[in-house]
Amino acid sequence: MTSQYEIRADHDARTIVVYQAYSPAIADAALRAGRFVAPFSFHRMTWIKPSFLWLMHRSNWACKPGQERILGVRITRQGWEEALSRAVLTTADPAAVAQAAVHVQWDPERSPRGAALNHYSIQVGIGRHLIRTFNDDWIVSLTDLTPQVRKAAALIRTGHAAKARRLLPTERPYPLPQALEALCPDADRGAGARPAPWG
């Protein structure tokens with residue numbers, strides 16, 4: 001059974017893949033450089049999501065204006081865990097949220113057709129004071145997943161969801177270090193359990 005709150009991702013011993021949706025201008029420039037460059041903005045928060053299907057829901061399978069290109073952003077696990085260690089839940093005290101370098105929120109995971117599931121997916125917002133570090137130090141590679149996304153979307157629209165699933169990234173539970181385990185609240189901890197920092 002899937003835990004209600006659990007980070008699931010495509011990861012290996014050193015890296016983790018997160019997903020972002022951008023306009024063609026931003027995506028093309030980033031892919032050429034291997035990093036984000038103008039017209040990407042370094043002056044506002046950028047959100048990264050390890051759930052491929054949540055981003056498909058958010059971008060309507062790369063059909064929303066400004067989200068027509070889907071990038072797989074492979075970053076170091078060290079960077080990912082640094083971000084989590086500096087995170088504040090978006091529903092926390094407003095003063096703490098305003099000062100936090102990283103924001104986190106949990107949203108219902110999605111099916112390929114966009115239905116809300118009964119477990120949650122994490123989103124991590126990298127604040128503008130940390131974006132340069134994210135871009136220059138954490139990113140290992142960028143991959144254009146747009147052709148794969150369009151093919152999967154076409155299969156889903158034509159009733160071939162099983163074939164579409166073969167095109168989706170494999171995501172499995174991410175093994176958080178013990179110091180960060182409390183960042184994934186679990187509904188099964190029982191009444192009276194000490195609340196986790198993110199909820």
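A side-chain donor-acceptor contact under 3.5 Å links Trp61 to the backbone of Pro112. Between the side chain of Gln20 and the backbone N or O of Trp47 there is at least one donor-acceptor pair closer than 3.5 Å. With hydrogens and angles ignored, the 3.5 Å screen pairs a side-chain donor or acceptor of His103 with a backbone N or O of Val97. In this structure, Thr146 contributes its side chain and Ile70 its backbone to a donor-acceptor pair below 3.5 Å. Checked by atom type and distance alone, the side chain of His129 never pairs as donor or acceptor with a backbone atom of Gly127 at under 3.5 Å. Between the side chain of Glu109 and the backbone N or O of Ala116 there is no donor-acceptor pair closer than 3.5 Å. Looking only at distances, a side-chain donor or acceptor of Gln148 sits under 3.5 Å from a matching main-chain atom of Leu167. In terms of modelled atom types and a separation under 3.5 Å, the side chain of Ser3 and the main chain of Glu6 share no donor-acceptor contact. Between the side chain of Arg35 and the backbone N or O of Asn135 there is at least one donor-acceptor pair closer than 3.5 Å.
Between Val73 and Thr143, every side-chain heavy-atom pair lies at or beyond the 4.5 Å cut-off. Within the 4.5 Å cutoff, no side-chain heavy atoms of Arg132 are placed close to those of Asp137. The side-chain heavy atoms of Leu130 and Trp138, taken from C-beta on, include a pair separated by under 4.5 Å. Counting only heavy atoms from C-beta outward, the side chains of Asn118 and Gln4 never approach each other to under 4.5 Å. Inter-residue side-chain proximity for Trp80 and Leu84 is flagged as met; some heavy-atom pair is nearer than 4.5 Å. Put simply, the side chain of Phe36 reaches to within 4.5 Å of the side chain of Ile139, judged on heavy atoms. The shortest side-chain heavy-atom distance between Asp28 and Asp144 does not fall under the 4.5 Å cut-off. By the 4.5 Å heavy-atom criterion applied to side chains, Ser41 and Arg44 are counted as neighbours.
The two residues Pro39 and Ile26 come nearest to each other via the heavy atoms CG-CG1, 3.8 Å. Across all non-hydrogen atoms, the minimal contact from Ile16 to Ala9 is CD1-CB, 3.6 Å. The two residues Ser85 and Glu82 have their closest heavy-atom pair at OG-O, 2.7 Å. Between Trp54 and Ser121 the shortest heavy-atom distance is CB-OG, 4.0 Å. Heavy atoms only, all atoms of each residue included: Ala27 and Arg69 are closest at CB-CB, 3.6 Å. In terms of heavy atoms, Tyr19 sits closest to Gly72 at CD2-CA, 3.9 Å.
For the 3.5 Å distance criterion, the side chains of Asp107 and Gln123 qualify, holding a donor opposite an acceptor.
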### Task
Mind running side chain to side chain contact (heavy atoms under 4.5 Å, CB included) on Val102 and Val88 for me, showing each step along the way?
CA-CA 6 Å; Val102 178; Val88 169; over 6 Å; no

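Annotation: the span from Arg8 atom CZ to Leu53 atom CG amounts to 10.5 Å, rounded to 0.5 Å. Taken to the nearest 0.5 Å, the OG atom of Ser23 stands 15.5 Å off from the NZ atom of Lys64. Atoms OG and CZ, from Ser111 and Arg165 in turn, are 7.5 Å apart once rounded to the nearest 0.5 Å. Separating the NZ atom in Lys163 from the CD1 atom in Ile156 is a distance of 13.5 Å, to the nearest 0.5 Å. Here the straight-line distance linking atom CG of Leu55 with atom CG of Leu145 works out to 9.5 Å at 0.5 Å rounding. With values rounded to the nearest 0.5 angstrom, Ser59 atom OG is found 9.0 Å from Lys49 atom NZ.
Follow the hydrophobic side-chain contacts under 4.5 Å out from Met45 and you never reach Val18; the two are in separate clusters. One hydrophobic cluster holds both Leu176 and Tyr5 under the rule that ILVMFWY side chains link at heavy-atom gaps under 4.5 Å. One hydrophobic cluster, built from ILVMFWY side chains closer than 4.5 Å, cannot hold both Tyr120 and Phe52; they sit in different ones. Residues Val124 and Val140 fall into different hydrophobic clusters, defined by Ile, Leu, Val, Met, Phe, Trp and Tyr side chains chained together at heavy-atom separations under 4.5 Å. If you chain together hydrophobic residues whose side chains sit under 4.5 Å apart, Leu71 and Val149 never meet in one group.
Put simply, the residue from Gln78, Arg77, Arg74 that forms a side-chain hydrogen bond (donor to acceptor under 3.5 Å, both in side chains) with Thr15 is Arg74.
Between His11 and Tyr174, the ring planes are perpendicular. Angles over 60° get that label, and only those under 30° would be called parallel. Tyr22 and Phe40 have perpendicular rings, their planes meeting at more than 60° on a 0 to 90° scale where under 30° would count as parallel.
The side-chain tip of Arg128 does not point at the ring of Phe42 from less than 6.0 angstrom away and within 45° of straight on.
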